[in-house]
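A, B, ... follow the sequence lines: proteins, then strands. Residue 1 opens every chain.
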Amino acid sequence: MKPLEHIRNSIKKALEENGFDASDKTLLSLEKPKQAEHGDISSTVAMNLAKIAKKAPRQIAQDLVNSLNKKLDPDYITKIDIAGPGFINFYLAEKCLQQSVLTILNEARDFGKSNWGDGYKINFEFVSANPTGPLNIVSARAAAVGDVLTTLFNMVGYEAKREYYINDAGRQVRLLGASVSARYMTELGNEQPVPEDGYHGEYLIDLAKEIFAKDGDKYASLADDERAATLGRMALEYMIGRHKASMKNYRLEYDEWFNETRIREANAHQKVLDHFAKTDMSYEKEDALWFRSSQFGDEKDRVLITSQGEPTYFLIDIAYHQNKYDRGFETLIDFWGPDHHGYIPRMSAALQALGHPKEKFDVSIIQQVNLLRSGKAIKMSKRAGEIVEMDELINEVGVDAARYFFVDRRISQPLDFDIDLAKKQSDENPVFYVQYAHARICNIMRHAQENGVEIPETADMSPMTNTFELALVIKLLDFPEMVTKAVENMEPHRITNYLHETATVFHKFYHENRVVTEDKAMTAARLMLCKAAKQVIANGLDVLGISAPENM
RNA sequence: GCGCCCAUAGCUCAGCUGGAUAGAGCAACGGACUUCUAAUCCGUAGGUCGAAGGUUCGAAUCCUUCUGGGCGUGCCA
């Protein structure tokens, strides 16, 4: 058993023994004291109980410690203190930390995993960009965040899937067709303007050229709307293909690419309309059909069917979300761009009206990205081809740096992405700092082997006693805790922070302790410690989808 | 007007759900390579946590108001 688990279990039993309710998981959370003299692990449970129990926190702490002293294994804990207003501080036994190195290595790739989520099925939908143009920078951030969070949820025992919704129908697709058709005719020498609200990006000129090179003037004789439809389908396919290629290049594998057409062809939105009609959730006004979203806290009611008789995007989207529930997902989590936050109340309202509890649908807004080059913001305008594309950025800075930077910030925070920094191969760049720690460990291993020292499968860890070594183990043991916290708070940046801190602790250890020496027992123990550090850093980088280089 | 996000060191940000003396990284300055990679480490300096109230044993963290910034507020998607 790992020391944190042991402490947690013991606190739980101590709580029960003293007549407290121990079912609240948050009561059992542990923290690391900032000052070394406050021990290795600390619990605030006594202070948190003070209000409920209406007793002095130090008194509660004393009662708990009395129980704890009877339960704790001296192989794990050498001392328990009560300090300040009622902190309970635990001092870990050296032996316990030494053995923990072996535990980490034993769990290897599974170190960090747990069954906290209990197989609960969650659908993560993210990016879902319109297939009318290349993916932009915000999509790149959403992709990184969504991918990493899905990985984290799966690590702690949820059954989480990645999903991408493709809007391959509706008004914007017609506009795409009209736009590419205009570009195509222009290519043939019959200049036509791209519709005002169409897509003006250069990528459609390129596509028109491609079509012309392949098929010549084959489509010129078609009627305008027929040509727009035909070329529109080609453009759609081309764009979706590009989106898929971008994601693959970004090391992101979706479980599902879901076409809007599937909803429309199955007439799934009709079921939503029927349900709303039956439950009096909809009404007609000014030739349109409205949904009573204001009854669920939205500012006003929303249109389901326009006065022209067309289903709105909103209606189709409701049916799509219902479809996700129908496929067995218990909770839906969407990541949307900042321009969509006004859309949350109406979708939440619709799903509640369909009988889904409010908490079964959650949206996280991923804030915008500002690209910086030479310290200045790059203007990203959606107009007339000034889009800075996701692929351009990835090609310039690399997948590793891009993923790290996009995840290294709270998602509710706008992100400044410094292109120069991301490319820099120096200590200023956190990605290299972390990767370097991994490469450095690999190098120690190589050096050992070159000098005839075999990398041990196991070792007597008792020579490992100094503060740098023990500090490293304590840091490594914190990894599963970090993973759980990242999931609970939907905060993937905790993983990058953790990795950076771990790299720091390792570099300090490296600086103070020579690993491969004449002392065979010490060498073996430190090699084991290095292996454990390598494993944890690799696991963390793996969560982020970032490579763990053997040398740099 | 209303709604969402935000305000912490010169810059970029953490701050583990209310805890102990507010921390990193960059930038600045001063040190450490005959050593398993100096892509590293050590040290110095830098703060009225936007402002004012409130809640309590205790607030950067929770509540209210204000100031200042970003975004949104279609029978678009």
Side-chain angles (χ1 to χ4, degrees), chain A residues 26 29-35 37-38 42 44 47-48 50-51 56-58 83-87 89 130 132 167 170-173 175 197 260 285-290 299-300 302-308 310 312-314 316-317 337-345 365 367-368 370 372 375 408-416 418 421 424-430 432-433 435-437 439-441 443-448 450-451 453 478 481-482 484-486 488-489 491 493-494 496-498 500-501 503-504 506-508 510-517 523 526 530 551-552:
Chain A
T26 57
S29 83
L30 300 169
E31 45 190 80
K32 208 172 315 150
K34 285 168 197 149
Q35 263 78 34
E37 64 265 29
H38 291 135
S42 127
T44 57
M47 293 180 290
N48 292 328
K51 267 174 229 158
R58 282 195 72 108
F87 290 95
N89 294 329
N130 275 340
T132 51
N167 303 119
R171 202 179 82 100
Q172 85 283 0
V173 172
L175 276 170
D197 46 359
E260 179 181 343
K285 191 181 89 183
E286 294 163 5
D287 294 332
L289 186 70
W290 297 71
E299 345 175 316
K300 56 181 178 182
R302 307 290 174 176
V303 171
L304 298 165
I305 303 279
T306 68
S307 52
Q308 307 298 309
E310 282 222 41
T312 57
Y313 177 87
F314 176 47
I316 305 293
D317 210 10
D339 51 338
H340 282 65
H341 74 243
Y343 194 76
I344 299 175
I365 295 297
Q367 288 295 327
Q368 66 182 89
N370 303 309
L372 303 180
D408 191 31
R409 205 118 300 172
R410 262 193 356 239
I411 55 183
S412 59
Q413 189 95 235
L415 170 72
D416 286 337
D418 185 335
L421 178 59
K424 225 173 251 180
Q425 310 213 347
S426 77
D427 51 348
E428 294 166 55
N429 187 338
F432 282 87
Y433 182 83
Q435 289 183 318
Y436 179 55
R440 200 171 216 185
I441 296 170
N443 200 60
I444 295 171
M445 308 286 185
R446 273 194 299 274
H447 178 263
E450 282 163 12
N451 287 275
V453 178
D478 213 20
E481 200 82 355
M482 271 308 144
T484 309
K485 293 253 166 71
E488 278 183 281
N489 303 296
E491 292 179 343
H493 73 275
R494 286 181 192 239
T496 52
N497 286 354
Y498 171 79
H500 197 276
E501 286 167 15
T504 298
F506 172 77
H507 285 310
K508 283 183 187 177
Y510 172 90
H511 193 258
E512 297 295 330
N513 300 281
R514 198 177 164 79
V515 175
V516 181
T517 63
T523 299
R526 285 187 177 155
C530 286
N551 53 59
M552 289 172 73

Scan every strand shown for a Watson-Crick or G-U wobble partner of rA51(B), both distances under 3.5 Å, and answer none if you come up empty. rU65(B)
Taking only side-chain N and O atoms of Q367(A), does any of them lie within less than 4.0 angstrom of OP1 or OP2 on rC4(B)? no
Integer-rounded Å distance: rA77(B) C1' and R302(A) CZ: 14 Å
Closest to the T504(A) side chain: rA39(B), rC41(B), rA38(B)? rC41(B)
Using a cut-off of 4.0 Å on non-hydrogen atoms, how would the nucleic acid contact of A56(A) be classed: base, sugar-phosphate, or nothing? nothing
Would you say the base of rC5(B) and the side-chain of S412(A) have a donor-acceptor pair closer than 3.5 Å? no
Between rG50(B) and rA14(B), how many Å separate the two P atoms, rounded to a whole number? 14 Å
Report the distance from atom CG of D418(A) to atom C1' of rA27(B), rounded to the nearest whole Å. 13 Å
Residue whose nearest RNA chain B nucleotide is more 5′ - E491(A) or D416(A): D416(A)
Can you find a donor-acceptor N/O pair under 3.5 angstrom joining the side chain of E286(A) to the base of rC75(B)? yes
Would you indicate what N451(A) reaches in the nucleic acid, counting non-hydrogen atoms under 4.0 angstrom: base, sugar-phosphate, or nothing? nothing
Given side chain to side chain donor-acceptor pair (under 3.5 Å), test D408(A) with T496(A) step by step and report yes or no. CA-CA 6 Å; D408(A) 191 31; T496(A) 52; 2.7 Å; yes
Do the side chain of N89(A) and the base of rA20(B) come within less than 3.5 angstrom through a donor-acceptor pair of N or O atoms? yes
Quick check on RNA chain B: between N48(A) and Y313(A), whose nearest nucleotide comes earlier from the 5' end? N48(A)
Within 45 degrees of the ring normal and closer than 6.0 Å to the centroid, is that where the cationic atom of R440(A) sits relative to Y510(A)? yes
Qualifying residue for side chain to side chain contact (heavy atoms under 4.5 Å, CB included) with R171(A), from N167(A), V173(A), L175(A): L175(A)
Does any nucleotide pair with rC57(B) by Watson-Crick or G-U wobble geometry, both distances under 3.5 Å, and what is it? rG19(B)
Under a 3.5 Å limit for both distances, which nucleotide forms a Watson-Crick or G-U wobble pair with rG46(B), could you say? none
Can you tell me how far P of rC16(B) sits from CD of E501(A), to the nearest Å? 12 Å
Does rG10(B) have a Watson-Crick or wobble partner in any strand here, with both distances under 3.5 angstrom, and which is it? rC26(B)
Specify the separation, in whole Å, of atom NE2 of H511(A) and atom C1' of rA38(B). 8 Å
If I take atom CD1 in residue I411(A) and atom P in nucleotide rC5(B), what distance separates them, rounded to the nearest angstrom? 12 Å
If the cut-off is 4.0 Å, is K32(A) near the phosphate of rC16(B), judged by side-chain N/O to OP1 or OP2? no
Would you kindly give the CD1-to-C1' distance between I344(A) and rU73(B), to the nearest whole Å? 13 Å
Students often get this wrong, so: under 4.0 angstrom with heavy atoms, is Y343(A) touching a base, only sugar-phosphate, or nothing? base
Across the strands shown, which category fits R171(A) at heavy-atom distances under 4.0 angstrom: base, sugar-phosphate, nothing? sugar-phosphate
Are the side chain of R526(A) and the backbone N or O of R514(A) linked by a donor-acceptor pair below 3.5 Å? yes
Determine the contact category for P338(A): base if any of its heavy atoms lies under 4.0 Å from a base atom, sugar-phosphate if only primed atoms, P, OP1 or OP2 are that close, otherwise nothing. sugar-phosphate
K508(A), nearest nucleotide to its side chain (from rG74(B), rA38(B), rC42(B)): rC42(B)
Let's see if you can work this out: which of rC6(B), rC75(B), rC16(B) has an atom nearest to the side-chain heavy atoms of Q413(A)? rC6(B)
Only pairs with both distances under 3.5 Å count, Watson-Crick or wobble alike; so what is the partner of rG1(B) in this structure? rU73(B)
Nucleotide rC36(B), atom C1' - distance to CD of E450(A) in whole Å: 10 Å
Determine the Euclidean distance between corresponding P atoms of rC6(B) and rC63(B); express it in Å to zero decimal places. 12 Å
Under 5.5 Å between ring centres and under 30° between planes: does that hold for H500(A) against the base of rA24(B)? no
Within the structure, does a side-chain N or O atom of R58(A) lie under 4.0 Å from either OP1 or OP2 of rC57(B)? no
Measure the acute angle between the ring planes of Y343(A) and F314(A), then classify it against the limits of 30° and 60° as parallel, tilted or perpendicular. perpendicular
Using the C1' atom in both, what is the distance from rG72(B) to rG10(B), to the nearest Å? 33 Å
Taking only the side-chain nitrogens and oxygens of Y510(A), find out if one of them lies under 4.0 Å from OP1 or OP2 of rA38(B). yes
With a 4.0 Å cut-off on heavy atoms, is R409(A) in touch with a base, just the backbone sugar-phosphate, or nothing at all? sugar-phosphate
Using the C1' atom as the reference point in each nucleotide, state the distance between rG47(B) and rG15(B) in Å, no decimals. 14 Å
As a test of reading the structure: which of rC6(B), rC75(B), rC36(B) is closest to the side chain of I444(A), going by heavy atoms? rC36(B)
Gap in Å between the two C1' atoms, one belonging to rU8(B) and one to rU73(B), rounded: 31 Å
Atom CG of D339(A) to atom C1' of rC5(B): distance rounded to whole Å? 13 Å
Take atom P in rG46(B) and the same atom in rU65(B), then report the distance between them in whole Å. 38 Å
Describe the nucleic acid contact of N130(A) in one word from base, sugar-phosphate, nothing, applying a heavy-atom distance below 4.0 Å. sugar-phosphate
Quick check on rC41(B): is either OP1 or OP2 less than 4.0 Å from any side-chain nitrogen or oxygen of Y433(A)? yes
Checking one value: the base orientation of rC71(B), syn if chi is within 90 degrees of 0, otherwise anti. anti
When only distance counts, do a donor and an acceptor, one from the side chain of S42(A) and one from the base of rA20(B), lie under 3.5 Å apart? yes
Distance check: side-chain N/O of H340(A) vs OP1/OP2 of rG74(B), anything under 4.0 Å? no
Considering every strand shown, what is the Watson-Crick or G-U wobble mate of rA38(B) when both distances are under 3.5 Å? none
Have a look at Q308(A) and say if it touches a base, only the backbone sugar-phosphate, or nothing, with a 4.0 Å heavy-atom cut-off. nothing
Please classify the nucleic acid contact of H38(A) as base, sugar-phosphate, or nothing, using heavy-atom distances under 4.0 Å. base
Taking the same atom, P, in rG69(B) and in rA7(B), what whole-Å distance lies between them? 16 Å
